[in-house]
Amino acid sequence: HPSKLPCLRRLMRVLTVSSILTVAANPAKDGADRLYGLTPASRLLIGSQNLAPTLSLILREMFVSPFLGLGTWLEHELPDLALFEVAHGKAVWDVILHDATIGPLFNAGMVADSRFLMDIAIRECGHVFQGISGSLIDVAGGHGAAAQAIKKAFPHIDCSVLDLQHVVASAPADTGLKYIAGDMFESIPPAKAVFLKVQHVRHAKIG
């Protein structure tokens, strides 16, 4: 709404100062006094390495709201729980398992994250896969985005994905991967190589 334009301009100013956008005078003089453009940071939200699904996940209110209690969490001797657990009374994985709206959003975010990171990993450290012959299993690999990237770059590797039953059940059928339902804390199927990409979420404590 036109009445909100001053607020929008302030928001855009914050984004330019934060190097999320660029700003320049509009030479066309067609009613807009300035033009905004993309920076390397905002280019991550478009194109082949689109991280918009990941951003949509981490900016969801459920994941942002726990940080409102960060001050209390730091000042008091609370139980050894993550902020998310303090705010919602349950772990992230329990919410993902039982909330039908979060599961697809989480999987899409992890696929986007894996595609982006694996592109860098294979380009910069692809030599670590060169000596693998036979099978590789991606442990807790979700819908297999990382395994797909490995398979594409190294077709000679037979890639499989291990994850929980509900994750495997919703995995796409056209990836060319083998999906195995199981719990990595109980057992991991035999393979020539085991691949584990750790997300920026505290999965569990391992003693």
Say whether [X] and [Y] are linked into one hydrophobic cluster, either directly or through other cluster members, by side-chain heavy-atom distances under 4.5 angstrom.
X      : Y      : result
Met12  : Val23  : yes
Ile188 : Tyr179 : no
Leu196 : Ile180 : yes
Met184 : Val167 : no
Phe185 : Val168 : no

Original post:
Can you list the steps and then say if Leu97 with His166 is a side-chain contact (heavy atoms from CB on, under 4.5 Å)?
Top reply: CA-CA 8 Å; Leu97 180 61; His166 70 278; 3.3 Å; yes
Give a yes or no answer on whether the side chain of [X] reaches the backbone of [Y] with a donor-acceptor pair at less than 3.5 Å.
X      : Y      : answer
Glu85  : Ala82  : yes
Lys151 : Ile157 : yes
Lys90  : Asp94  : no
Asn107 : Gly103 : yes
Asn26  : Leu35  : no
Ser42  : Leu21  : no

Original post:
Any side-chain donor paired with an acceptor under 3.5 Å for Ser170 and His143?
Top reply: yes
**OP:** Taking atom types as modelled, find out whether Ser114 and Lys197 have a side-chain donor-acceptor pair closer than 3.5 angstrom.
**Re:** yes
**OP:** Applying side chain to side chain contact (heavy atoms under 4.5 Å, CB included) between Phe195 and each of Val139, Leu162, Val161, Leu136, report the one that passes.
**Re:** Leu136
Original post:
Pick one: which of Leu177, Ile132, Ile137 meets side chain to side chain contact (heavy atoms under 4.5 Å, CB included) with Cys159?
Top reply: Leu177
Original post:
How about Trp93 and Phe106: are their ring centres within less than 6.0 Å of each other?
Top reply: yes
Nearest atoms (heavy-atom pairs only) where [X] meets [Y]:
X      : Y      : answer
Ala147 : Asp138 : N-OD2, 3.7 Å
Gly142 : Asp163 : N-OD2, 2.7 Å
Thr39  : Ser19  : OG1-O, 2.8 Å
Ala100 : Pro104 : O-CD, 3.1 Å

Under 3.5 Å donor-acceptor pairs involving side-chain atoms of residues 52-69, not counting sequence neighbours:
from	atom 1	to	atom 2	distance (Å)
Thr54	OG1	Gly109	O	2.8
Thr54	OG1	Asp113	N	3.4
Ser56	OG	Ala52	O	3.0
Ser65	OG	Glu61	O	3.0

Original post:
According to the interplanar angle, ranging from 0 to 90°, do the rings of His156 and Phe154 count as parallel (below 30°), tilted (30 to 60°) or perpendicular (above 60°)?
Top reply: perpendicular
**OP:** Let me see the working for Asp119 and Arg115 under salt bridge (charged side-chain N to carboxylate O under 4.0 Å, His left out), right down to the final yes or no.
**Re:** CA-CA 6 Å; Asp119 180 66; Arg115 286 175 177 166; over 6 Å; no
Subject >> Test side chain to side chain donor-acceptor pair (under 3.5 Å) applied to Thr22 - qualifying residues, sequence neighbours left out >> reply: none
Subject >> Full working for side-chain contact (heavy atoms from CB on, under 4.5 Å) between Leu8 and Arg10 >> reply: CA-CA 5 Å; Leu8 177 59; Arg10 286 195 288 271; over 6 Å; no
